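Atoms within a ligand are numbered from 1 in the order they appear, just like the ligands themselves. Predicted model only: the values in this text are computed from it and were never measured.
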Amino acid sequence: MNIQKLIRKNIAQLSPYSCARDEFKGEASVSLDANENPLNAPYNRYPDPLQWALKEKIAKLKGVRPAQIMLGNGSDEPIDLVFRIFCEPKEDNAVAIEPTYGMYKVCAEINNVEYRKVFLNEDFTLDANRVLAAVNEKTKVIFLCSPNNPSGNLLNRAEMLKIVENFGGIVIIDEAYVDFSSEKSWLADLDKYKNIIVLQTFSKAWGLASVRCGMAFASEEIIAFFNKVKYPYNVNLLTQNFVSEELDKQERKNAWVKMLLEQRDYLQKELKSLPLAEKIYPSDANFILVKTPDANGIYKYLTDKGIIVRNRNNVSLSLGCLRITVGTKEENEILINTLKELTID
Ligand SMILES: *Cc1c(COP(=O)(O)O)cnc(C)c1O
C-alpha cells in the first residue's frame, strides 16, 4: 500500500504552519514566545496542538498507539480533512454507501469532489462488488458506516473486508455507534490494513455531543498528514481537559449503554404491536428506523405534541421511514403512549 501516492500533490509538498508550541516543547520558566497574555492561567496559554496527554489516555483505552490518533472538533472534522488530504477537486472522486450519514456528501460538495452513491440492498445490507464496481482510477476514498446511520444495522464484516482488501485507496470506517453494537471494532485491524481510517466519537455513547470531540484512527503515516493539514489548535483546552476527566468514567458510560440497549428492546417490542409500524429495521445503534404508511403525517402529529423524531421519508431506500433515537425510559414511554393514541385508517 503506497499511501504517499494517494496524497494530493500540494498536501504532500506542504510545509505546515509551525506554531510556537511546535518550535519549543517542554517546561519553560519564562514563556515569551507566543504573544500570549502572561495572566489568566491556564487559559492564557495556547493548548497542546497534538493533545498528547489526552491521546495517551485514549490509546490505552482503545489498544492503539497515541500516534495512530487524530482528534478533531467532532468526527466531522476528520471527514472534511479526508477530502482535503486525498481528493483533488474536480478530478478525484469518493464512493459511499447510500443511504448513509449526510456529512460525507456535504464535505465532498464543499471540496468540489465528485460523490458516487452506491445503494445498499433493500434490507440495507452491503454488496461489496457493487461498491467496487463504482470505483475507477480517480477514486481515492470509500466511506463505509457501520453501524450505519440512518438504517442502524451493522455492515457485514466479510463484505467490508472485501472492499478493504481489493480497493487501492483509503477506506473510511465510521464507527460512531460502535459502543452500541455487538460486533468488535476495526481498531484491532489497524496495523494489518494500512489503508483504513476508523472514526469514533464522544458524541453518542459517551454523552458528550456538545463538547465536540471526535477521533480518527489510522496508521502513523496517515495521521501525520491529518496533523499537517488540521488547524494547529483545533481542540481547545477545555475540551481536552474535560474529555480526559470523562474518560475516567467508563463504568458510567457502560451503564448508560446497557440502559439504552434495554430501552431499545422496549421500543422495538412496543413498536411491533403498533399497526403504524409496518417494518422495524434491526438496530445495532442507539436509534431505530421504522417504516410507516405516512411518515410525514406521523412526524407532524408527534411534533405537534412536542415529540421530535427524525423524518427520513426523503432519504433513499427509506420511503416512509422515521428514525427514532432511544431516549430515557420516561421519554420512550411518552412516545409509545402518544403513538398508541394515533389511529391510522
Ligand atoms: C453522529 C455521527 C457522527 C458524529 O459526529 P460528531 O461530529 O463526532 O458529533 C459521525 N458519524 C456518524 C455516522 C454519526 O451518525
TODO: Give me the ring orientation class for Y46 and Y233: parallel if the planes are under 30° apart, tilted from 30 to 60°, perpendicular past 60°.
DONE: parallel

Open item on the list: List ligand 1 atoms under 4.0 Å from R212, heavy atoms only on the residue side.
Closed with: 6 (P), 7 (O), 9 (O)

Open item on the list: I need the atoms of ligand 1 closer than 4.0 Å to a non-hydrogen atom of D76, numbered in the order shown.
Closed with: 5 (O), 7 (O)

Open item on the list: With rounding to the nearest 0.5 angstrom, report the CZ to CG distance, R323 to N313.
Closed with: 14.0 Å

Task: K204 neighbourhood, listing ligand 1 atoms whose heavy-atom distance to it stays under 4.0 Å - done: 1 (C), 2 (C), 3 (C), 4 (C), 14 (C), 15 (O)

- [ ] Quick one: pull up CD in E165 and OH in Y193 and give me the separation to the nearest 0.5 Å.
- [x] 4.5 Å

Open item on the list: Using a 4.0 Å cutoff against the non-hydrogen atoms of C145, which atoms of ligand 1 qualify?
Closed with: 13 (C)

Task: Nearest-0.5 Å distance, CG of residue L187 to NZ of residue K62 - done: 6.5 Å

- [ ] Give the numbers and elements of all ligand 1 atoms closer than 4.0 Å to a heavy atom of G74.
- [x] 6 (P), 7 (O), 8 (O)

TODO: Could you tell me whether K253 sits above the aromatic face of W256, with NZ or CZ closer than 6.0 angstrom to the six-membered ring centre and within 45 degrees of the axis?
DONE: no

Task: Pair F86 + F225: ring centers closer than 6.0 Å - done: no

Open item on the list: Against ligand 1, does Y177 come closer than 4.0 Å with any heavy atom?
Closed with: yes

- [ ] For A176, take its heavy atoms, then give the atoms of ligand 1 lying under 4.0 Å from any of them.
- [x] 2 (C), 3 (C), 10 (C), 11 (N), 12 (C), 14 (C)

Task: Shortest protein heavy-atom distance from atom 12 (C) of ligand 1, along with the residue and atom involved - done: D174 OD2, 3.4 Å

Task: Min N/O separation Y104 to ligand 1 under 3.5 Å - done: no

Task: Sub-6.0 Å ring centroid separation between F143 and F83 - done: yes

Open item on the list: Using modelled atom types and a 3.5 Å cut-off, is there a donor and acceptor pairing between side-chain atoms of R116 and backbone atoms of A134?
Closed with: yes

Task: Ligand-side contact atoms (ligand 1) for residue partner S203, heavy atom cut-off under 4.0 Å - done: 6 (P), 8 (O), 9 (O)

Open item on the list: Just to confirm my output: which protein heavy-atom neighbour is closest to atom 5 (O) of ligand 1, and how far is it?
Closed with: S75 OG, 3.4 Å

